[in-house]
Amino acid sequence: AQSVTQLGSHVSVSEGALVLLRCNYSSSVPPYLFWYVQYPNQGLQLLLKYTTGATLVKGINGFEAEFKKSETSFHLTKPSAHMSDAAEYFCAVSEWAGNMLTFGGGTRLMVKP
Amino acid sequence: NAGVTQTPKFQVLKTGQSMTLQCAQDMNHNSMYWYRQDPGMGLRLIYYSASEGTTDKGEVPNGYNVSRLNKREFSLRLESAAPSQTSVYFCASSEDGLPSYEQYFGPGTRLTVT
């Protein structure tokens, strides 16, 4: 069975600082990996996804993530945080057709001025 | 395009009451999903419908039923609400049931069961 662990339920950074949100997964087959963002009182929006090919994936709003098979990780990064990045971020994995996503517990990112 | 819409936005129920959460999408997607979101647990899949006329259980189906009314609409019913069903419910849709297809989420329904 697939599972996702997000280290740190809350992460606080200063505006302009590096953002690093950690995600580790377990999967018995090569996975499809996703990062979603949820702004307050809204639904989830896809930031980026890894399906096949290049392991460094670029997404919207300057975010990127790198698939590291040996570490079973898919950490999300952004070089310079902006106040508008404050939101909750979810890592998710899908193994097979049927598109059943398994989500991590989420990380709330706070950005200090 | 409105995308994925959900009604109602908020609901308070007493234990034992029933209700139906409505979801509709206007993107001509084949697959639709119902999730619940609880603090620290991310989103968990309740039921999904890979295509019109089919539904399957997800991770946490107990206490819920679904109906795929047509290609656009996918409803979630609570027959006898329990406090453990207090949650935020999200509907989502995707073009097809393959992992490479993005899921689009609605704004959510915040349900409280007292």
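Numbered from 1 within each chain, the chains take letters A, B, ... in sequence-line order.
The hydrophobic cluster containing A/Leu76 also contains A/Ile60, counting ILVMFWY residues as joined when their side-chain heavy atoms lie under 4.5 angstrom apart, directly or transitively. Note on A/Leu33: it does not cluster hydrophobically with A/Leu56, by side-chain heavy-atom contacts below 4.5 Å among ILVMFWY residues. Under a hydrophobic-cluster definition in which Ile, Leu, Val, Met, Phe, Trp and Tyr are linked whenever side-chain heavy atoms come within less than 4.5 Å, directly or via other members, B/Val88 and B/Val66 are assigned to different clusters. The same ILVMFWY cluster, assembled from side-chain heavy atoms under 4.5 Å apart, contains both A/Tyr39 and A/Trp35. Cluster annotation: A/Tyr32 is not connected to A/Tyr25 through the hydrophobic network of ILVMFWY side chains, with a link wherever side-chain heavy atoms come within less than 4.5 Å.
Atom OH in B/Tyr104 sits 8.0 Å away from atom CG in A/Leu46 (nearest 0.5 Å). The NZ atom of B/Lys9 sits 11.0 Å away from atom CG of A/Asn41, with the distance rounded to the nearest 0.5 Å.
At least one side-chain heavy atom of A/Tyr36 sits under 4.5 Å from a side-chain heavy atom of B/Gln103.
The heavy-atom pair separating A/Gln38 from B/Gln37 by the smallest distance is OE1-NE2, 2.9 Å. The shortest non-hydrogen separation linking B/Tyr35 to A/Leu101 is OH-CB, 3.7 Å.
Of all the listed residues (B/Gln6, B/Glu59, B/Arg110, B/Met41), the one sharing the greatest number of non-hydrogen pairs under 4.5 Å with chain A is B/Met41. No other option in A/Val4, A/Leu44, A/Thr102 has as many heavy-atom pairs under 4.5 Å with chain B as A/Leu44.
Contact annotation for B/Arg44: neither backbone nor side-chain heavy atoms come within less than 4.5 Å of a heavy atom of chain A.
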